[in-house]
**Q** 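Structure incoming, see below.
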Amino acid sequence: MPELPEVETTRRKIEPLLLGRTLTRIEHDAPHKYTDTHKAEGRTVIGIGRRGKYLLLRLAAFEAALAGEDPGDLELLVHLGMTGGFRLEAGPHTRVTLHTDQGAVYFNDPRRFGKVAVVRPGEYAAFPTLDGMGPEPLSEDFGEAEFVKAAASAGAVKPWLLSQKPVSGVGNIYADESLWLSRLHPAQKKLTAEEASRLHAAIREVMAAAVAAGGSTLGDGTYQQHDGEAGQFQVHHHAYARTGEPCERCGTPIEKIVLAQRGTHFCPHCQQLQPR
DNA sequence: AAGTATTCCTGGCCGC
DNA sequence: TGCGGCCAGGAATACT
């Protein structure tokens, strides 16, 4: 499932395919999922950014202004959902086709959890998670003191991380990995300063390593890059999808539980719930 | 207000 | 072989 490292890898890969190109036509068949995409037609991609798990394509007004239309800049949002990704060729799971003045790029999404929308830059009211997105884990904005303070009164730590509020881009895989590395039980509440500091460092470490490895490609192949290349971080997983395998710190078999409707993997010896 | 359940959606896998 | 049933899960929504 695409989380920050996979989305960032995708961003880097599609940048040379879309930057500076003009979107001539956007084709899809699910208006309720892919909203206002026609507004992007005739506009030029002048930037490809990312916030958390969202890709943000900045669209210049120039071409539209020439055509006598609304001249304000627009933003094309893409969320990859569970199985979304870009491809160079159309396939059975092509959901959105971005036709440009120099060829097409295809948004592929078998399970249709992904989203595409065109909005005014920064107007994210229809996307509450993006609107309330916490700091980027690999930026200076991810302050340790602030994180420690918020963690002191938070509920179960894993659902808290998945909310995208304390930090952006952490999903199921990297939440489990960060908690394993910081030796915290996924259901731990009200982290001490020492625990929260460990988690803060672990999130940065895991995210940086995963971005460097091009993300994780799971056995089911749900995530791969536009060229079919696989990420390499899955070989560094310590907890996620390692149910029953020995913990690499202590040898205890990794356990799987369900927490907040999410499959959750942890070491019952290294990651014990502390009574508070 | 925060926590929990439900919904979306489909490929892949399991067991019979 | 084929089929039904179940599972994966990010985010929005509807509840309690």
Side-chain angles (χ1 to χ4, degrees), chain A residues 1-10 28-35 50-56 77-85 87 91-96 107-117 119 123-134 137 150-179 185-191 203 207 210 215-224 228 231 234 237 239-244 254 256-266 273 276:
Chain A
M1 57 229 65
E3 305 178 25
L4 185 150
E6 292 77 26
V7 178
E8 177 59 23
T9 302
T10 299
H28 66 79
D29 61 357
H32 63 291
K33 283 197 170 290
Y34 312 120
T35 54
R50 181 192 55 73
R51 268 300 268 133
K53 304 173 198 171
Y54 284 84
L55 289 168
L56 307 172
L77 310 185
V78 181
H79 195 293
L80 302 180
M82 289 283 300
T83 56
R87 297 287 183 273
H93 307 305
T94 295
R95 307 303 182 197
V96 181
F107 180 63
N108 185 71
D109 187 17
R111 295 183 200 171
R112 296 183 186 265
F113 269 44
K115 289 178 196 147
V116 176
V119 301
E123 283 192 9
Y124 303 143
F127 302 86
T129 302
L130 178 57
D131 209 32
M133 190 75 73
S153 58
V157 60
K158 180 173 173 181
W160 181 64
L161 290 177
L162 295 181
S163 76
Q164 307 299 301
K165 290 192 171 73
V167 60
S168 65
V170 177
N172 209 37
I173 296 174
Y174 299 108
D176 282 3
E177 292 303 311
S178 298
L179 291 167
H185 192 286
Q188 187 65 57
K189 300 177 182 184
K190 297 183 169 34
L191 304 191
I203 290 168
M207 285 301 197
S216 301
T217 295
L218 303 182
D220 61 3
T222 47
Y223 165 75
Q224 55 178 297
Q234 65 283 357
H237 289 178
Y240 186 82
R242 294 194 69 247
T243 311
I254 297 293
K256 181 177 182 183
I257 60 171
V258 174
L259 180 64
Q261 291 79 240
R262 296 286 170 268
T264 296
H265 315 74
F266 70 108
L273 195 57
R276 297 267 133 90

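Here is the naming used below: chain letters follow the sequence lines, and residue numbers restart at 1 for every chain. When reading the values below, keep in mind they use all heavy atoms of this one structure, side chains included, and skip hydrogens, waters and symmetry mates.
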**Q** In whole Å, I'd like the distance from the CD atom of A:Glu3 to the C1' atom of C:dG9.
**A**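 Value for this atom pair: 10 Å.
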
**Q** Where do A:Glu6 and A:Glu8 land on the side-chain contact (heavy atoms from CB on, under 4.5 Å) test, with the steps shown first?
**A** CA-CA 5 Å; A:Glu6 292 77 26; A:Glu8 177 59 23; over 6 Å; no

**Q** Between A:Val7 and A:Glu3, is the side-chain contact (heavy atoms from CB on, under 4.5 Å) condition met? List the steps.
**A** CA-CA 6 Å; A:Val7 178; A:Glu3 305 178 25; over 6 Å; no

**Q** Tell me: CZ of A:Arg262 to C1' of C:dG10, nearest whole Å?
**A** 6 Å

**Q** Rounded to whole angstroms, how far apart are NZ on A:Lys165 and P on B:dA1?
**A** 13 Å

**Q** With a non-hydrogen cut-off below 4.0 angstrom, is A:Arg112 in contact with a base, only sugar-phosphate, or nothing?
**A**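 Counting heavy atoms under 4.0 Å across all strands, the contact made by A:Arg112 is with sugar-phosphate only.
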
**Q** Nearest-Å distance, CH2 (A:Trp160) to P (C:dA11)?
**A** 16 Å

**Q** Checking all strands, does A:Gly155 fall into the base, sugar-phosphate, or nothing category for heavy-atom contacts under 4.0 angstrom?
**A** sugar-phosphate

**Q** Rounded to whole angstroms, how far apart are CG on A:Leu161 and P on C:dA11?
**A** 13 Å

**Q** What's the closest nucleotide to the A:Arg111 side chain, out of C:dA12, C:dA8, B:dC8?
**A** C:dA8

**Q** Nearest to the A:Pro128 side chain among C:dA12, B:dA5, B:dG11, which nucleotide is it?
**A** C:dA12

**Q** Against A:Asp176, only a single residue in A:Ile254, A:Val170, A:Thr264, A:Leu259 fulfils side chain to side chain contact (heavy atoms under 4.5 Å, CB included); can you say which?
**A** A:Thr264

**Q** Report which part of the nucleic acid A:Gln261 touches: base, sugar-phosphate, or nothing (heavy-atom distance under 4.0 Å, all strands).
**A** base

**Q** Any donor-acceptor pair under 3.5 Å linking the side-chain atoms of A:Thr94 with those of A:Asn108?
**A**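 Judged by distance alone, the side chains do not pair up.
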
**Q** Please tell me which of the listed nucleotides, C:dA12, C:dG10, B:dC9, lies nearest to the side chain of A:His32?
**A** B:dC9

**Q** Rounded to the nearest Å, what distance is computed from the NE2 atom of residue A:His79 to the C1' atom of nucleotide C:dA12?
**A**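 Going from A:His79 (NE2) to C:dA12 (C1'), I get 11 Å.
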
**Q** Side chain of A:Phe127 only, heavy atoms from C-beta on: which candidate in B:dT6, C:dA12, C:dG9 is closest?
**A**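 Of B:dT6, C:dA12, C:dG9, C:dA12 is nearest to the side chain of A:Phe127.
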
**Q** If you check every side-chain atom of A:Lys256, which of B:dC8, C:dG10, C:dA8 has the closest atom?
**A** C:dA8

**Q** Can you check the A:Leu259 CG to B:dA5 C1' distance for me, whole Å?
**A**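 To the nearest whole Å, that distance equals 14 Å.
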
**Q** Verify the stacking flag for A:Phe113 against C:dG10: centroid separation must be under 5.5 angstrom and the ring planes must differ by under 30 degrees.
**A**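 A:Phe113 vs C:dG10: stacking no.
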
